Amino acid sequence: MTTPDAVPLSGPRFQTEPARLYREMRRDHGSVVPVLLDGDIPAWLVLGYRELHQVTGDPVLFSRDSDLWNQWENIPADWPLLPMIGRKQPSILYTVGERHRQRAAMVSNALEAVDPFEMRGHAERFADELIDTLCAAGEADLIAQYAMLLPVRVLARLYGFSDEEGPGLVTALNDMIDGRERALAGQAHLAGSMARLVADRRKEPADDVVSRMLADGSGFSDEEIVQDLMVMMAAGHQPTADWIGNSLRLMLTDDRFAASLFGGRNSVAEAMNEVLWEDTPTQNVAGRWAARDTRLGGRAVRAGDLLLLGLQGANSDPQVRTDASELTGGNNAHFSFGHGEHRCPFPAQEVAEVIARTGIEVVLDRLPDIDLAVPADSLTRRPSPWLRGLTRLPVRFSPVPAR
């Protein structure tokens, strides 16, 4: 399948200028781009809005079953993308067919029962606690000191963890996502914590997400529920943290959103929606596997080929975004939460939106005259083609007392 002009899915341009990079890929290769993953493993990156709609809307032809991959014999045991493109993983990500529909319903029902007012209360409390630690200094890094600490605390509370366990889960999850020397230890801490919580709730149910998943009648094992909880925690934390950071960056650097810094709540929602179109936290997702030979976007896709979902590329497809300079307003036909059977469940989207919006509003309420402490063009992103978030967001403000 490898083509001589395949594009390496790595390098600094995913960090510095992804929008231009996707435009060049589309110009040179069309809507389905041959790419190379770590170790020169071939795949297709789907950048066309219509093509992505086709791939995510046909779970039979474009399956989530990674066992179909025709590259497994070329994948070393220490391949760095194995946590993202795994084999035989007993989680909702890799379940297909009726079993997946039952599993998705279990997760959705457990999240849907969360009281939105109670959830917002948790988010406000944890956000206020974080602001209390930095508000007297007059300066802060809103990524490391705030956005990267907030979503996991709220999710842990909703799942059923005690507030005392929250900080340890924050550290473990961020270590795991960083993918450095502490990653495996972070993953082990998270898995062990989830397993203990599931065992505790099996004996003594409570009014929380874990207890509701255990009470579901679909017959999933404790191990399967632990796996799903880890997926939900990782998928709910990092993209939400980046949604907070990317939205605050937009509001601090773009004059169109200046009103929100003076209490205009409408602008917060508009900035958050603009980020999902233009600067979405989840840029590219792995993936789908072709169940048989087919054609997509003029390309001959072979059985077992891996297709990566180019969410940001599809969001900026000129065939659907004829004037990309226009604000998107309330249009939410973006791919930022996916599409089809394996999209982010709607209740999970609502959880992420409540946490992100509350986190942004607490910053604007608590830190008067907030402004960037560095030139806007000096802000840098994590060097990843998958998730797009800031490495830091230094701000200054008038010092205020903690509450």
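Just so you know, these numbers come straight off a predicted model, no measurement behind them.
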> Which pair of heavy atoms, one from Gly310 and one from Leu45, lies closest together, and at what distance?
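The answer is CA-CD1, 3.8 Å.
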
> Does CZ in Arg20 sit with more than 12 non-hydrogen atoms of other residues, nucleotides or ligands closer than 6.0 Å?
no

> Begin from the C-alpha positions of Asn284 and Tyr22 and carry the test side-chain hydrogen bond (donor to acceptor under 3.5 Å, both in side chains) through to its verdict.
CA-CA 11 Å; Asn284 300 297; Tyr22 296 135; 3.0 Å; yes

> Measuring from Ile131:CD1 to Leu367:CG, what's the distance to the nearest 0.5 Å?
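These two atoms lie 4.5 Å from each other.
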
> When rounded to the nearest 0.5 angstrom, what is the spacing between CG in Leu307 and CD in Gln54?
10.0 Å

> Is there any side-chain hydrogen bond (donor to acceptor under 3.5 Å, both in side chains) pair reaching into residues 131-143, and which pairs are they, with sequence neighbours excluded?
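Matches after skipping sequence neighbours: Asp132-Arg366.
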
> Specify the closest pair of heavy atoms between Arg26 and Leu47, including all atoms of both residues, with the distance to one decimal.
NH2-O, 2.9 Å

> Can Trp69 and Trp79 be said to form a ring pair (Phe, Tyr, Trp, His ring centres under 6.0 Å), step by step?
CA-CA 15 Å; Trp69 200 11; Trp79 196 51; 5.8 Å; yes

> Is there a salt bridge (Lys or Arg N to Asp or Glu O under 4.0 Å) between Asp305 and Arg299? Walk through the geometry before answering.
CA-CA 12 Å; Asp305 281 1; Arg299 297 284 188 176; over 6 Å; no

> Going by the side-chain contact (heavy atoms from CB on, under 4.5 Å) test, name the single residue among Leu68, Leu37, Ile41, Val35 that passes it with Leu306.
Leu37

> To the nearest 0.5 angstrom, please state how far the OH atom of Tyr159 sits from the CE atom of Met213.
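These two atoms lie 8.0 Å from each other.
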
> Does Met148 form a side chain to side chain contact (heavy atoms under 4.5 Å, CB included) with Gln238? I'd like the steps, not just the answer.
CA-CA 7 Å; Met148 287 296 288; Gln238 185 65 60; 3.3 Å; yes

> Can you find a side-chain donor-acceptor pair between Gln102 and Ser218 that sits under 3.5 Å?
no

> Answer yes or no: is there an ion pair linking Glu165 with Arg196, defined by an N-O contact shorter than 4.0 Å?
no

> Just verifying a value: how many Å separate Met232 CE and Leu111 CG, rounded to the nearest 0.5 Å?
4.0 Å

> Which heavy atom of Ile244 sits nearest a heavy atom of Pro151, and at what distance?
CD1-CG, 4.4 Å

> May I ask you to say whether Asp279 pairs ionically with Arg388, meaning some side-chain N is under 4.0 Å from a carboxylate O?
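So Asp279 pairs with Arg388 through a salt bridge.
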
> Going by the side-chain hydrogen bond (donor to acceptor under 3.5 Å, both in side chains) test, which pairs reach into residues 204-213, not counting sequence neighbours?
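Sorted pair list: Arg201-Asp208, Asp207-Arg212, Asp208-Ser211.
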
> How long is the straight-line distance from CD of Gln283 back to CG of Leu387, given to the nearest 0.5 Å?
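If I round to the nearest 0.5 Å, the distance is 8.5 Å.
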
> Please report the interatomic distance CZ(Arg382) to CZ(Phe14), rounded to the nearest 0.5 Å.
14.5 Å

> Is there a donor-acceptor pair under 3.5 Å between the side chain of Thr358 and the backbone N or O of Arg120?
no

> Among Thr16, Asn246, Asp242, exactly one meets side chain to side chain donor-acceptor pair (under 3.5 Å) together with Arg381. Which residue is that?
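So the option named by the test is Asn246.
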
